[in-house]
Peer 1: 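I'd like to ask you about the structure that follows.
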Amino acid sequence: MTATVEISDDLLRGPLCHHNGCRGYGDPSRGVVIVGIAPGQDEVGSGRPFSGPSGKLLDAILKAVYWPRQDVYTTNLLCWWKNDPTPADIAGCKDRFVNEIRWAKPKLLICMGNLVYEAITGKEMSGNRGRPTWMPTLGAYVMGTYHPAGFLRGNSQLILDICKDLQKIPMIIGTPDGEWCGWPADGSVSNVRYTVVESAEEAQAVLDGLPRGEDSLVSIDIETNYGEEEIDIFNEEITCLSVCWDHDYTAVIPACYLDDIDWPSGVRWAFQNGMFDVNKLRQRYGVKLAIHEDSLLQSYSLDERGGVHKLEITSGEYCGADHYKEQFRYNKRRGVATNSLLYEYNAKDTAYTRRLVPCFENLQRKDNVYQLYKDLFIPLANVFADISYQGVKVDQDKIAELALEWLPRWLASEEQLVSMANEYGWPGRINLNSPAQLIKLLFGVLSLRMPNRYARQKPSTKVEVLELMDHPFIDALLDFRQLDHMVTNYLIGIKDQIKLDGRVHPAVLIHGSRTGRPSYRNPPVQTIPQPYSVGAELSRIKEIFVPDDEQSILLEADYKQIEVFLAAYLSQDPIMQADLESGDFHSSTAADVIARMERDAFLQGLRGKDPLRIKQRFQAKKVTFGNFYRQGADSLARKRVADCTYAEASSMLIRWRARYRIYEEWADSIMRSATERGELVTVTGRKRRFRVVYGDDSAHILRQSVNFPIQGSANDYILTSLLELYEPLSAFGARVLLSVHDSMLFCVPLVALADCAQYIKCVMEKPRFPGWPSIEVELKIGNNWGSMVSYDKT
DNA sequence: TGGACCCGCGCC
DNA sequence: AGGGCGCGGGTCCA
């Protein structure tokens, strides 16, 4: 991060109003002005703003976004050095500053830091960062971003946003090669023209008249009567939809004109988070639109962090939109949202989506993520939309059965604990779900102490702590908590998600994680409890997931130990590879862990549960993954899975690391690579960006960097398999129900079971990428998800 | 009252 | 200071 920029004095410009001040620097003729707060002491010395550490960083970022440093004019609110300037200080320099901006005539004025943004716009930067907005008084677009100094002080995540923001410079200014045409110089960038359709005939005419063909693109967005965020397709009705074509022709069609529409074919549709829209249209009108472009997935391909892909944000950052969504919601809450406000809102959503697609595509090509988006994300969006639409059948009788068994126990257990607490002197009714109250009871009223190895930590009531404590209340509490979790989170949680068709329709979020794992919610089918963890009794919750009909069966296909195999492949560690070939990696390499735990189990018993082989293997697994991802000895010793002292854990780690020395070297090299290159890329082109690893959380970021290639590549396997399988399976009458990280669950007609099983195994096991290993797949079948047995049809 | 945050816990 | 998620609940604050 040491970009050098020639300092030529003839670029020092701008007026001064203080002695020993610091002039502006650079060429304002291309229309970009960057404003800082005040020159640092060294910058007063050099006479040039942004020439200290912050400036070096700014130079490097500009270089990274291909905008010449000399084509930016930099200056400061204050032209003289002052720490923490007061409003009076700023006022004292104001005339000079205003004259300087008038002279520079920027098209885009970038404010570095909240103080500058507030001084210029009169608004807080929070909620407005990275959103260029037109200021008529300046005749310029004004954008606030973080000051590089904030990053230098230790917040390394800021840099990602600063980079994204400065990357907008060419988009707004325009480039000579025409790659970016630039925003209009009159501030009209966010204007949206639209018409509201007034008859069914007109609606049909609009749809029939939409452009078709490879180069065309039509965005579409529906509004429903309830949801703002995600659409519950079974409980909400469409109020209107709109289509936008050729940049700025938007038509809003009220729902009353949609009933008998003949939907056009051959249109290339663009959505913002299209899975929900296509499913609602499919449910309501029986039309199945294909997702050709999706501005949310584009945004995710460019920035894997969460929370930045909502149209509310991207339209403001890349289309100059104001907070129209916030305003509309506000009106809606107050009950003054008229139909015409709704139509305007809908038109903006659709128009901005249409504008985002080519804009993002440009950025995607620069960042080399276009293929990832086109070949992986878009096909996945269509497949996951279908998965979600079809849903998974649930056995409602089984739910009732479990409820009858569990609810009385659940309630009785709670009452027992409440009265126990009263006996101990707790006033009133203790809330067992409140960690704060439990801490007061255990460590206050009962005067218990945290176990020794947690003595230095703040009070906690998590299982790994409570298991080390000996008290009748705690024993009962642990049982209650587990049952409570099963009942509220799963039994009731899943039941509440059942729709009228007797099925759950989990939403799949392609953009749900930074590593590329899809996430499922409503209900969260990836977290359904397993027997080894909660025991055979409570894990019966899995039994409620059943095949579509009696002629079908569930088939589950698991990649065996995929993360371990990929770790061995990526690191090329010969010992690890040999251990893998010799059989079960977890039992061979973590043998000493198991030996320890067997001894301990023998000595004290594992909280009344049988020290089963399967549990031990699971624990060894935890140790292995802890080692993969650089878990410390301290935490390993504390985890209830490896019940050992710090010294023992520490020597275990040392042995593990000595054995897999090559893996350790690889992990180090990955961390270096993340630091030096600023990003890691998997074989499908999926990225995790780090930019600069700096500051307090650097250790955390480094661990993430080791995790990413392994977890990310495992995803590449499962997701590309899923895509390859999805269509062909329909020929068997079979389909994918869901995926759980390294496995997929299918519903298969009994008559096609053998063929499907063979086909699925064959597709999943073939080498997915040139040179990459083939991973063995294990098959299981069952009449419900809770009683799957291994299926050997070899 | 609604939103942000943490806790605790399920999965891989 | 293992990584990656979602959810229910509590708590705190505006």
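The chains referred to below are lettered A, B, ... by the order of the sequence lines, with proteins before strands, and numbering in each begins at 1.
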Peer 1: Could you check, using the six-membered ring where one of them is a Trp, whether Trp666(A) and Tyr660(A) have ring centers closer than 6.0 angstrom?
Peer 2: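 No, the ring of Trp666(A) stays outside the 6.0 Å limit from the ring of Tyr660(A), centre to centre.
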Peer 1: Over how many whole Å does the gap from His741(A) atom NE2 to dC11(B) atom P extend?
Peer 2: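 Whole-Å distance recorded here is 11 Å.
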Peer 1: Whether Asn627(A) contacts dG2(C) is assessed here as follows: a side-chain N or O lying under 4.0 Å from the phosphate OP1 or OP2. Is that the case?
Peer 2: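 False: Asn627(A) side-chain N/O out of range (4.0 Å or more) of dG2(C) OP1/OP2.
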Peer 1: Are the side chains of Val736(A) and Val383(A) in touch, meaning some heavy atoms are under 4.5 Å apart?
Peer 2: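 Sidechains of Val383(A) and Val736(A): no contact.
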Peer 1: Round to the nearest Å and state the distance from Gln437(A) atom CD to dG9(C) atom C1'.
Peer 2: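 Rounded to the whole Å, the gap is 12 Å.
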Peer 1: Could you tell me whether Phe708(A) contacts a base, only the sugar-phosphate backbone, or nothing, with contacts defined as non-hydrogen atoms closer than 4.0 Å?
Peer 2: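 It contacts nothing in the nucleic acid.
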Peer 1: Taking 4.0 Å as the cut-off, does a side-chain nitrogen or oxygen of Ser743(A) come that near to OP1 or OP2 on dC12(B)?
Peer 2: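 No, because none of the side-chain N or O atoms of Ser743(A) sits under 4.0 Å from OP1 or OP2 of dC12(B).
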Peer 1: Does dG4(C) have its OP1 or OP2 closer than 4.0 Å to a side-chain nitrogen or oxygen of Arg688(A)?
Peer 2: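 So the side-chain polar atoms of Arg688(A) do come within 4.0 Å of the phosphate oxygens OP1 or OP2 of dG4(C), strictly under.
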Peer 1: Hey, does the side chain of Ser434(A) come within less than 4.0 Å of dT11(C)'s phosphate (OP1/OP2), counting only N and O?
Peer 2: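 Checking dT11(C) against Ser434(A), a side-chain N or O does come within under 4.0 Å of OP1 or OP2.
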Peer 1: For dC9(B) and Arg481(A) - does any side-chain N or O of the residue sit under 4.0 Å from the phosphate oxygens OP1/OP2?
Peer 2: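 Yes.
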Peer 1: Check this for me: does the side-chain of Arg517(A) come within 3.5 Å of the base of dG4(C) through a donor and an acceptor?
Peer 2: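 Such a pair exists between side chain and base.
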Peer 1: Rounded to the Å, how far apart are Asn433(A) CG and dG8(C) P?
Peer 2: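 Rounding to the nearest Å, CG of Asn433(A) and P of dG8(C) are 12 Å apart.
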Peer 1: Report the distance from atom NE2 of His700(A) to atom P of dG3(C), rounded to the nearest whole Å.
Peer 2: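 Atom NE2 in His700(A) sits about 4 Å away from atom P in dG3(C).
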Peer 1: Rounding to an integer number of Å, can you tell me how far Trp410(A) CH2 sits from dG9(C) C1'?
Peer 2: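 Distance, rounded to whole Å: 12 Å.
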Peer 1: Is the phosphate of dG10(B) approached by Gln482(A) (side-chain N or O, under 4.0 Å from OP1 or OP2)?
Peer 2: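 For dG10(B), OP1 or OP2 has a side-chain N or O of Gln482(A) closer than 4.0 Å.
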Peer 1: Nearest-Å distance, CD1 (Ile430(A)) to P (dG9(C))?
Peer 2: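 Rounded to whole Å, this separation is 17 Å.
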Peer 1: Is there a side-chain polar atom (N or O) of Tyr532(A) under 4.0 Å from OP1 or OP2 of dC12(B)?
Peer 2: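 Yes.
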Peer 1: Could you label the plane-to-plane angle of the His511(A) and Tyr300(A) rings as parallel, tilted or perpendicular, counting under 30° as parallel and over 60° as perpendicular?
Peer 2: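 His511(A) vs Tyr300(A) ring planes: perpendicular.
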Peer 1: In whole angstrom, give the distance that lies between atom CD1 of Ile701(A) and atom P of dG4(C).
Peer 2: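 So the two atoms are 10 Å apart, to the nearest Å.
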Peer 1: Could you check whether Ser460(A) gets within reach of a base, just the sugar-phosphate, or nothing at all, counting any heavy atom under 4.0 Å?
Peer 2: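 Counting heavy atoms under 4.0 Å across all strands, the contact made by Ser460(A) is with sugar-phosphate only.
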Peer 1: Would you mind classifying the nucleic acid contact of Asp484(A) as base, sugar-phosphate or nothing, using non-hydrogen atoms under 4.0 angstrom?
Peer 2: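 No contact at all - Asp484(A) keeps every heavy atom at 4.0 Å or more from the nucleic acid.
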Peer 1: Taking 4.0 Å as the cut-off, does a side-chain nitrogen or oxygen of Gln711(A) come that near to OP1 or OP2 on dG2(C)?
Peer 2: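 For Gln711(A), the contact criterion (side-chain N or O under 4.0 Å from OP1 or OP2 of dG2(C)) is not met.
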Peer 1: Could you tell me the separation between the CD1 atom of Ile492(A) and the C1' atom of dG9(C), rounded to a whole number of Å?
Peer 2: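 The answer, rounded to whole Å, is 13 Å.
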Peer 1: Taking the side chain as every heavy atom from C-beta outward, state whether Ser721(A) and Met744(A) have any atom pair closer than 4.5 Å.
Peer 2: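 Of all side-chain heavy-atom pairs linking Met744(A) with Ser721(A), at least one is under 4.5 Å.
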Peer 1: Select base, sugar-phosphate, or nothing to describe what Gly493(A) touches, counting heavy atoms under 4.0 Å on all strands.
Peer 2: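 No contact.
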Peer 1: Please tell me if Thr527(A) has a side-chain N or O lying less than 4.0 Å from either OP1 or OP2 of dC7(C).
Peer 2: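 Answer no for this pair, as no side-chain N or O of Thr527(A) is under 4.0 Å from OP1 or OP2.
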Peer 1: With side chains defined as the heavy atoms from C-beta onward, is the minimum distance between Leu722(A) and Leu380(A) less than 4.5 Å?
Peer 2: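 Touching, per the 4.5 Å side-chain cut-off.
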Peer 1: Just to confirm, is there a sub-4.0 Å distance from OP1 or OP2 of dC7(B) to any side-chain nitrogen or oxygen of Lys458(A)?
Peer 2: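 Checking Lys458(A) against dC7(B): at least one side-chain N or O falls below 4.0 Å of OP1 or OP2.
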Peer 1: Side chains of Glu664(A) and Arg630(A): closer than 4.5 Å at any heavy-atom pair?
Peer 2: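 They are in contact (side-chain heavy atoms under 4.5 Å apart), so the answer is yes.
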Peer 1: Between dG6(C) and Ser519(A), is there an OP1 or OP2 to side-chain N/O distance shorter than 4.0 Å?
Peer 2: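 Affirmative; the distance criterion is met.
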